[in-house]
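When a ligand or atom number is given, it counts from 1 through the structure's own listing order. Because the structure is a prediction, the values reported are computed rather than measured.
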Amino acid sequence: MANNLTTIITSATKTVEINRANPTVIIGERINPTGRKAVLAALKEGNFEQVRQDALDQVAAGAPMLDVNAGVPGADEPALLQEVLRNVMAVTDVPLSIDTANPKALEAALQLYQGKPLVNSTNGEEKSLQAVLPLVKEYGAAVIGLCMDDNGIPPTPEARLAVAAKIIERAAKLGIPAEDVVIDPLVLTLGADSQAGLITLKTAELVVKEFGVNITMGASNVSFGLPDRRALNATFIAMAIHAGLTCPITNPLVEAVKTAVLAADLAMGRDDYGMRWIQDFRQRQKKVNAE
Ligand code: THG
């Protein structure tokens with residue numbers, strides 16, 4: 001099988017092509033009340049300014065896509081996710097990743113979304129496959145498949161590969177092509193298990209070799225509970241790009257992470273003449289000189 005499938009994600013006006021020959025696509029992580037206290041507090045008050053600002057900041061920092069999560073405990077998630085999406089789409093036109101585990105919220109979001117979104121996510125659990133894949137097909141979306149199932153997150157790369165295979169197969173049965181399935185090998189913190197990073201990287205390599213699909217990760221998860229998260233996130237993300245990661249969900253406002261992604265793209269032969277690397281360096285110099 002081709003080892004370099006292209007996933008196309010669109011908004012009303014923009015198209016992003018995720019592919020191992022193209023520059024890495026950073027999916028901005030910050031619109032997420034579970035991962036951001038400021039977003040949680042604002043959404044609890046019905047205030048969407050924080051979300052709008054996070055959308056603008058991440059796009060200004062160079063994120064070609066944004067992840068949008070509205071998981072506020074006790075809230076009406078279908079209505080809240082729609083309202084968050086409306087606010088994001090009012091201030092930016094980048095394609096979006098719709099981050100919810102609630103099929104009702106997902107359907108509400110798909111009804112509203114303009115373009116072909118990335119659905120974040122399904123996984124190997126029967127319940128999830130049966131609820132999410134028909135919606136992905138009906139709305140012509142692409143989907144992230146998490147390498148976990150009814151038994152939890154498998155401990156070995158081979159077992160995670162088997163979950164990826166199941167998701168890709170079940171998608172194909174519904175007419176969703178492999179290029180529209182993005183696999184997430186799952187990133188757990190190194191603070192709890194020092195082998196967690198290696199298992200994730202090996203899973204990515206196996207999945208790419210076998211299926212050639214695109215790979216995403218919640219890359220900032222790797223450092224939960226550890227000091228100097230930025231340095232750890234940046235180093236891990238560069239290694240993961242070598243292992244096959246093409247569209248990390250991460251924080252584009254962290255310069256160390258952005259620089260690591262650009263350096264990895266250059267080292268992987270995805271930055272002709274180092275143009276993006278040089279241009280980014282010049283911008284950083286300008287910022288330093290202005291300070
Ligand atoms: N895979 C997929 N989707 C995902 C994840 C994944 N979506 C959610 C999450 N994991 C990725 N998003 C985040 C968002 C924020 C952080 C990490 C991952 C984060 N936040 C800081 C913290 O918690 O310390 C910021 C705190 C704050 O500002 O309040 O690290 O794995 N498919």
Side-chain angles (χ1 to χ4, degrees), residues 7 9 18 25-44 50-51 53-55 57-58 61 63 65-72 77 81 84 96-102 105-106 109 117-125 128 132 136 141-149 152-153 160 163-164 167 180-193 196-197 199-201 203-204 207 213-234 236-237 240 244-254 256-257:
T7 308
I9 310 292
I18 307 167
V25 172
I26 293 180
I27 304 174
E29 74 181 7
R30 290 170 65 79
I31 303 175
N32 187 333
T34 311
R36 296 266 323 291
K37 289 193 186 79
V39 172
L40 178 63
L43 291 183
K44 274 185 169 166
Q50 179 73 43
V51 160
Q53 197 59 53
D54 282 332
D57 290 348
Q58 293 184 100
M65 283 183 63
L66 300 177
D67 187 68
V68 177
N69 181 302
V72 172
E77 195 181 335
L81 182 57
V84 170
L96 304 177
S97 154
I98 300 170
D99 190 350
T100 177
N102 176 336
L106 174 59
L118 182 59
V119 169
N120 185 8
S121 57
T122 189
N123 59 64
E125 287 181 58
S128 172
V132 175
V136 170
V143 64
I144 294 174
L146 308 179
C147 290
M148 56 183 280
D149 61 16
I153 302 174
R160 289 193 198 180
V163 176
I167 296 167
D180 283 335
V181 182
V182 175
I183 293 295
D184 184 339
L186 291 179
V187 178
L188 302 175
T189 177
L190 292 166
D193 174 4
I199 293 164
T200 301
L201 298 173
T203 303
V207 170
V213 293
N214 282 297
I215 303 284
T216 188
M217 295 179 191
S220 311
N221 302 350
V222 80
S223 61
F224 278 134
L226 287 166
D228 199 359
R229 291 189 63 189
R230 292 173 169 213
L232 199 47
N233 291 352
F236 180 74
I237 218 167
L245 173 65
T246 44
C247 49
I249 302 168
T250 192
N251 184 353
L253 302 185
V254 176
V257 166

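Side-chain contact annotation: Ser223 with Asn233, donor-acceptor N/O pair under 3.5 Å present. A donor-acceptor pair shorter than 3.5 Å can be found between the side chains of Asp67 and Asn120.
Contacts between Asn221 and ligand 1 below 4.0 angstrom, taking non-hydrogen atoms only, involve the side chain exclusively. With a heavy-atom cut-off of 4.0 Å, Arg30 does not touch ligand 1 at all. Only side-chain heavy atoms of Asp99 come within less than 4.0 Å of ligand 1; its backbone N, CA, C and O stay farther off. Under 4.0 Å from ligand 1, not a single heavy atom of Asn251 appears.
Proximity to Gly218 (heavy-atom distance under 4.0 Å) selects the following atoms of ligand 1: 1 (N), 6 (C), 31 (O). Against a heavy-atom cut-off of under 4.0 Å, Asn32 is close to the following atoms of ligand 1: 8 (C), 12 (N). Heavy-atom contacts of Lys37 reach the following atoms of ligand 1: 27 (C), 29 (O) (cutoff under 4.0 Å).
With respect to atom 30 (O) of ligand 1, the closest heavy atom belonging to the protein is Arg229 NH2, 2.8 Å. Scanning the protein heavy atoms around atom 23 (O) of ligand 1, the nearest turns out to be Gly35 O, 3.5 Å. Atom 13 (C) of ligand 1 has its closest protein heavy atom at Glu29 OE1, 3.5 Å. Among protein heavy atoms, atom 3 (N) of ligand 1 sits closest to Asn120 ND2, 3.0 Å. The closest protein non-hydrogen atom to atom 2 (C) of ligand 1 is Asp184 OD2, 3.2 Å. Atom 28 (O) of ligand 1 has as its closest protein heavy atom Arg36 NE, 3.2 Å. In terms of protein heavy atoms, atom 11 (C) of ligand 1 is closest to Ile249 CG2, 4.0 Å.
Test Leu81, Asp99, Ile98 against Val68 for side chain to side chain contact (heavy atoms under 4.5 Å, CB included) and you get one pass: Leu81. Of the residues Arg229, Arg230, Glu29, the one that meets the side-chain hydrogen bond (donor to acceptor under 3.5 Å, both in side chains) test with Ser220 is Glu29.
Scanning all heavy atoms of the two residues, the minimum distance from Thr7 to Ala142 falls at CG2-CB, 4.0 Å. Residues Cys147 and Ile183 come closest through the heavy atom pair SG-CG2, 3.6 Å. Between Met65 and Ile18, the shortest heavy-atom distance links the atoms SD-CD1, 4.3 Å. Pairing each heavy atom of Arg160 with each of Leu188, the nearest pair is NH2-CD1, 4.3 Å. Nearest heavy atom pair, residue Cys247 against residue Ile27, reads O-CD1, 3.7 Å. Minimum heavy-atom separation, Pro248 to Ile237: CB-CD1, 3.8 Å.
Leu43 is listed as a side-chain neighbour of Val51, based on a closest heavy-atom distance under 4.5 Å.
Residue Leu146 places a heavy atom under 4.0 Å from ligand 1.
Between Asp67 and ligand 1, not a single N/O pair is under 3.5 Å apart. Of the polar atoms of Ser220, none of the N or O atoms is found under 3.5 Å from an N or O of ligand 1, judged by distance alone.
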